[in-house]
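Read the structure below first, then the notes.
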Amino acid sequence: MNGESSAHSRLVGARNLVSWQIFSAEDGSFTEPFGSDPHGLLQYTADGCMSAVVCRSERTGLAQGISPRRMAPELLAACYRSYFHYAGRWHIEGDSVIHSVEFGLNPNMVGTRQVRQMSFAGNTLTLTGIETLGLQQRRHVLVWQPVKPIHTDSE
């Protein structure tokens, strides 16, 4: 099996987020955009589809029985800031996985290619992406572990 097909088979499946840190290229400082205990699910299918969702572990709930379209803009903005999602197609180029974004909570991501350098340590997957904002460059490091199977009482 060649390296690309081996990486392909290792990526297929579902993983939970362990951490997301963003490092500044200027001084090496880092932030955790969804806190120290973020929740997330990353899925890669064998036929080339992917989905990534990340959120804060504690999110403000919405009022029951009220359509979000009728809620205060401040509450909806807080929900938006505590949740992140995109989905699309994926393929491997060298030691990177390329996400071709087709759907996203942030509409500016749709149509973009998100390049993530990938590395494995056992079953742990680390994805690293570089982001340039104006003159500043930041390095995103996301660590993912395989989803633990659900065991039922019948097993």
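What you are looking at is a predicted structure, and each value in this text was computed from that prediction instead of being measured.
- The only member of His140, Arg139, Glu32 that meets side chain to side chain contact (heavy atoms under 4.5 Å, CB included) when paired with Ile22 is His140.
- To the nearest 0.5 Å, atoms CZ (Arg81) and CG (Leu76) are separated by 10.5 Å.
- In plain terms, the two heavy atoms of Val101 and Met109 that are nearest each other are CB-O, 3.3 Å.
- No continuous path of hydrophobic side-chain contacts links Val141 to Tyr86 [ILVMFWY only; heavy atoms under 4.5 Å].
- In the hydrophobic clustering (ILVMFWY side chains linked at under 4.5 Å, chained through shared members), Val53 is joined by Leu41, Tyr80, Tyr83, Leu105, Val147.
- Put simply, OH on Tyr44 and OG on Ser51 are 10.5 Å apart, with the number rounded to the nearest 0.5 Å.
- Under the 3.5 Å distance criterion, with hydrogens and angles disregarded, a donor-acceptor pair is assigned to the side chains of Thr112 and Gln114.
- A distance-only check finds no donor-acceptor pair linking the side chain of Trp90 to the backbone of Leu11 [under 3.5 Å].
- Closest approach of Ser100 to Arg113, counting heavy atoms only: OG-CG, 4.4 Å.
- Atom CG of Leu127 is separated from atom CG of Leu42 by 6.5 Å, given to the nearest 0.5 angstrom.
- Here the NE2-NE2 distance, from His99 to His91, works out to 10.0 Å after rounding to the nearest 0.5 Å.
- A parallel orientation is assigned to the rings of Trp20 and Phe34, their planes being inclined by less than 30° (bins at 30° and 60°).
- Val110 and Val54 fall into different hydrophobic clusters, where Ile, Leu, Val, Met, Phe, Trp and Tyr side chains are chained together by heavy-atom contacts under 4.5 Å.
- Around atom CG of Asn123, no more than 12 heavy atoms belonging to other residues, nucleotides or ligands sit under 6.0 Å away.
- Using a 3.5 Å distance cut-off with no hydrogens or angles, the side chains of Gln117 and Asp95 do pair a donor with an acceptor.
- Note on Trp144 and Ile92: same hydrophobic cluster, where clusters join Ile, Leu, Val, Met, Phe, Trp and Tyr whose side-chain heavy atoms are under 4.5 Å apart, directly or indirectly.
- With Ser24 contributing its side chain and Glu26 its backbone, the two residues share a donor-acceptor pair below 3.5 Å.
- Here Ile98 is tied into one hydrophobic group with Val115, each link being a pair of ILVMFWY side chains closer than 4.5 Å.
- For the atom pair CZ (Arg56) and NE2 (His39), the distance works out to 11.5 Å, reported to the nearest 0.5 Å.
- The minimum heavy-atom distance linking Gln137 with Thr132 is given by the pair NE2-OG1, 3.7 Å.
- Counting non-hydrogen atoms of neighbouring residues, nucleotides and ligands closer than 6.0 angstrom, the CD atom of Glu58 reaches no more than 12 such neighbours.
- When every heavy atom of Met118 is checked against every heavy atom of Ala7, the shortest pair comes out as CE-CB, 3.8 Å.
- Closest approach of Asn108 and Asn106 over heavy atoms only: N-OD1, 2.8 Å.
- In this structure the side chain of Thr31 never reaches within 4.5 angstrom of the side chain of Gln21, judged on heavy atoms.
- Under a 3.5 Å cut-off, the side chain of Arg59 and the backbone N or O of Cys79 do form a donor-acceptor pair.
- By the 6.0 Å and 45° rule, Arg10 stacks over the aromatic ring of Phe120.
- Just one of Val97, Thr126, Ile130 meets the side chain to side chain contact (heavy atoms under 4.5 Å, CB included) condition when paired with Arg116; it is Val97.
- Shown here for Cys49 and Arg89, the closest heavy-atom pair between the two residues is SG-NH1, 3.1 Å.
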Point to revise | Candidate pair Leu142 and Leu17, rule side-chain contact (heavy atoms from CB on, under 4.5 Å), full reasoning | key: CA-CA 7 Å; Leu142 293 92; Leu17 184 64; 4.1 Å; yes

